[in-house]
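Beneath this line is the structure, given in C-alpha cells, with notes to follow.
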Amino acid sequence: MRRLLILTTVAMALSAAPRVSAQEDGASYASRAVQNRHYQGTHELTFWLGILPLDAFTKGVTLGGSYTLHLSDLFGWEIVNYFNSLQFDTDLEGRLDAFELEPTPFEVLEHSVTTNLLIKPIYWKGALRNDLIVHGEIGVVVGGGVSWFSRSRRATVDYGASFRFYLARWLSLRIDVRHQMYFQDAFDNLDLNHELWTALGVSAQF
C-alpha cells in the first residue's frame, strides 16, 4: 500500500511538471549561440602588399589598393582592385646560360585592375589565449577585369578566398588568395596565362 502511494505521488508530480519540447530547447540554445555581427561597415579601403609566385623566371611583388562597398552582411562589391607588380628575376635564366640555352621570350605582368563580387557567408569569433576575443570573416571573391603585360593587354578572370581578422571596430587585416587567368587578346583564345595573387591587406571600414 505504501509503495503504491509513493508511485502515485511520483506520477502526479511528473504530470504536473512543465513540458519543454526538444525544438523549443534547441531554439533557446541557438538564440544564445548565434549572434549578430559585432563589426559592420559600408565602405572599405584596403592597401595591399602581395606576391606573384608562379613565374619560374620572374617573381612579382605587388603594391595596390581596393575600394569595397558592402551591400549587406552577406554580399559586397569590390568596385575596384588595382595592383602594380615589381619584377625580380630568379637565377633560372643564369642557369640556362651556363648550358648555352636561350629561354623562350615571355611577357611579365605589370598592372592589373579587376572588379569583384565578395560573398561573406562565415562570420566568427574566438578567444586568443583566453585573454582576447577575436572577430573575423571568411569570404569568396569572384570577378574579372583587365591586366597589362610588358607587350600586351589581356582580359582577366579571377576567383579566390578572403580571410579577415578584426583589430578594432574599423580596422582589420585581410589575407586574400586569388587565382588569376589572363586571356590572350580575347576570351575565345585558348592561350592562357595563370598567376596566384597572394596578398596581405590593411583595411579601414567606415
Side-chain angles (χ1 to χ4, degrees), residues 29-54 59-88 109-149 153-182 194-206:
Y29 281 109
S31 64
R32 296 174 189 172
V34 179
Q35 301 177 6
N36 292 330
R37 294 175 182 244
H38 189 63
Y39 299 96
Q40 298 186 48
T42 302
H43 307 277
E44 177 184 354
L45 293 175
T46 306
F47 298 95
W48 296 102
L49 173 65
I51 59 173
L52 300 170
L54 295 188
K59 306 300 180 183
V61 175
T62 67
L63 297 173
S66 64
Y67 167 68
T68 304
L69 177 64
H70 293 273
L71 305 174
S72 67
D73 288 343
L74 182 60
F75 293 103
W77 176 23
E78 188 181 69
I79 296 177
V80 60
N81 184 352
Y82 167 82
F83 67 76
N84 175 56
S85 178
L86 308 174
Q87 289 84 33
F88 296 90
L109 177 63
E110 296 180 344
H111 310 277
S112 182
V113 178
T114 59
T115 183
N116 299 278
L117 174 65
L118 175 61
I119 306 173
K120 311 164 289 178
I122 299 176
Y123 177 85
W124 59 269
K125 71 175 184 177
L128 181 61
R129 299 188 61 182
N130 293 327
D131 294 326
L132 181 66
I133 298 297
V134 181
H135 294 253
E137 201 174 63
I138 301 176
V140 177
V141 180
V142 60
V146 179
S147 298
W148 287 263
F149 285 71
R153 182 179 62 184
R154 306 184 186 184
T156 304
V157 173
D158 69 336
Y159 62 89
S162 177
F163 306 89
R164 184 193 304 276
F165 305 89
Y166 284 97
L167 304 177
R169 187 172 295 274
W170 59 275
L171 185 66
S172 62
L173 289 178
R174 283 183 59 178
I175 300 175
D176 278 33
V177 180
R178 307 186 190 185
H179 178 208
Q180 292 195 325
M181 298 180 291
Y182 310 103
H194 301 264
E195 192 53 86
L196 189 67
W197 182 58
T198 304
L200 173 65
V202 179
S203 296
Q205 291 180 295
F206 51 95

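Numbers here simply count residues along the sequence, with the first being 1.
Between atom OG of residue Ser66 and atom CH2 of residue Trp48 there is a gap of 5.5 Å, rounded to the nearest 0.5 Å. In this structure, CG in Asn81 is found 9.0 Å from OG1 in Thr115, a value given to the nearest 0.5 Å. One distance of note links CD of Gln180 with OG of Ser112; it measures 4.5 Å at 0.5 Å rounding.
Using cut-offs of 30° and 60° on the angle between ring planes, the pair Tyr82 and His111 is parallel. Between Trp124 and Phe165, the angle of the ring planes goes over 60°, which puts this pair in the perpendicular group of the 30/60° scheme.
Within the 4.5 Å cutoff, the side chain of Thr62 has no heavy atoms near those of the Leu49 side chain.
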Practice problem: Please report the C-alpha distance between Leu109 and Leu52 in whole Å, then the side-chain angles of each, then the deciding distance to 0.1 Å, and finally whether the side-chain contact (heavy atoms from CB on, under 4.5 Å) criterion is met. | Solution: CA-CA 9 Å; Leu109 177 63; Leu52 300 170; 3.6 Å; yes

Practice problem: Mind running side-chain contact (heavy atoms from CB on, under 4.5 Å) on Asp176 and Thr198 for me, showing each step along the way? | Solution: CA-CA 6 Å; Asp176 278 33; Thr198 304; over 6 Å; no

Quiz item: Could you walk me through whether Leu173 and Leu167 pass the side-chain contact (heavy atoms from CB on, under 4.5 Å) check?
Solution: CA-CA 7 Å; Leu173 289 178; Leu167 304 177; 3.8 Å; yes

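Separation of the Phe83 and Trp197 ring centroids falls under the 6.0 Å cut-off.
Relative to the six-membered ring of Tyr166, Arg169 misses at least one condition, a distance below 6.0 Å or an angle of at most 45° to the axis.
Arg174 and Ser203 share no donor-acceptor pair across their side chains, judged by distance under 3.5 Å alone. Donor-acceptor pairing under 3.5 Å is lacking for the side chains of His194 and Tyr182.
Remark: the backbone N or O of Val140 is not paired with any side-chain donor or acceptor of Lys120 at under 3.5 angstrom.
A salt bridge is defined here as a Lys NZ or Arg NE, NH1 or NH2 lying under 4.0 Å from an Asp or Glu carboxylate O, and Glu44 with Arg164 meets this definition. For the pair Glu137 and Lys125, the salt-bridge criterion is not met [side-chain N within less than 4.0 Å of a carboxylate O]. A salt bridge links Glu78 and Arg178; the closest N-O separation between the charged side-chain nitrogens and carboxylate oxygens is under 4.0 Å.
Counting heavy atoms of neighbouring residues, nucleotides and ligands inside a 6.0 Å radius, atom CH2 of Trp77 does not exceed 12 of them. Few gaps surround OH on Tyr67; more than 12 heavy atoms of other groups in view lie less than 6.0 Å from it.
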